[in-house]
Amino acid sequence: GAVVSQHPSRVICKSGTSVKIECRSLDFQATTMFWYRQFPKQSLMLMATSNEGSKATYEQGVEKDKFLINHASLTLSTLTVTSAHPEDSSFYICSARRSLAGALTDQETQYFGPGTRLLVL
Amino acid sequence: GESVGLHLPTLSVQEGDSAVIKCTYSDSASNYFPWYKQELGKRPQLIIDIRSNMDKRQGQRVTVLLNKTVKHLSLQIAATQPGDSAVYFCAEIATDSWGKLQFGAGTQVVVTP
């Protein structure tokens with residue numbers, strides 16, 4: 001199977017500090033990873049697309065200087081929430097894209113990490 | 001039905017009955033539509049998907065229908081069980097979008113014994 005891990009699973013930090021979240025694909029290489037944020041009782045909102053070896057692409061309304069993304073290897077992407085504030089408290093989920101070329105069709109499946117619960121006090 | 005909305009609708013069904021979740025999508029360039037099940041505090045799990053060259057796909061107790069004319073999707077869960085209680089999301093990937101998933105608002109399904 002394809003396994004994606006995230007670390008930490010939950011973190012509590014003080015307002016104004018920075019928090020780094022790691023997303024790893026454990027048994028496959030992922031040239032593309034995605035970062036989502038999910039508030040309670042809401043859907044997953046795509047924040048950014050992380051491509052190995054290049055700059056991340058941010059969705060409209062997501063501050064790139066606040067949410068720093070680094071994709072330094074084919075198995076690791078990191079999201080750093082800088083100068084965190086209580087409104088940044090959320091569930092952050094990453095996914096890694098795996099492309100499987102079939103005989104007739106291409107299959108693209110995203111495998112999700114277990115998520116990181118961030119609470120900013 | 002689901003769309004990119006502001007709240008989470010709830011669908012209550014009795015155990016053993018079918019649950020039907022409807023979804024609309026807006027991008028006519030979308031060509032891949034996965035459905036995810038998410039339990040509280042956990043990662044989304046892919047339960048079934050469909051491509052734009054199909055109008056129906058069946059899995060184990062789940063069936064997805066796609067109507068491209070009106071940009072509607074539906075997910076039917078047959079013979080529901082308490083373990084089916086979760087939030088269900090439709091999603092779409094548009095051609096040339098680098099595989100970016102756009103999620104619908106989600107539907108909370110509650111299966112009562």
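Below, chain A is the first sequence line, B the second, and so on; all start at residue 1. Source: prediction; values computed, not measured.
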Would you mind checking which part of [X] comes under 4.5 Å of any heavy atom in chain A, side chain (CB onward), backbone (N, CA, C, O), both or neither?
X        : value
B/Leu40  : neither
B/Lys100 : both
B/Gln38  : side chain
B/Gln108 : neither

- Which residues pass the side-chain contact (heavy atoms from CB on, under 4.5 Å) test with A/Ser89, sequence neighbours left out? A/Leu119, A/Val120
- Item | Electrostatic pair B/Lys71-B/Asp27, nearest N-O below 4.0 angstrom | no
- side chain to side chain donor-acceptor pair (under 3.5 Å) between A/His71 and A/Ser77, worked out: CA-CA 4 Å; A/His71 194 156; A/Ser77 176; 4.5 Å; no
- When A/Gln6, A/Glu22, A/Arg10 are each screened for side chain to side chain donor-acceptor pair (under 3.5 Å) with A/Thr116, the one that passes is A/Gln6
- Query: Contact part of A/Leu46 toward chain B, heavy-atom cut-off under 4.5 Å: side chain, backbone, both or neither?
  - Reply: side chain
- Under a 4.5 Å heavy-atom cut-off, does chain B meet the side chain of A/Phe34, its backbone, both or neither? side chain
- Hey, could you give me each pair passing disulfide (SG to SG under 2.5 Å) that has a residue in residues 49-95 of chain A? Not counting sequence neighbours. A/Cys23-A/Cys94
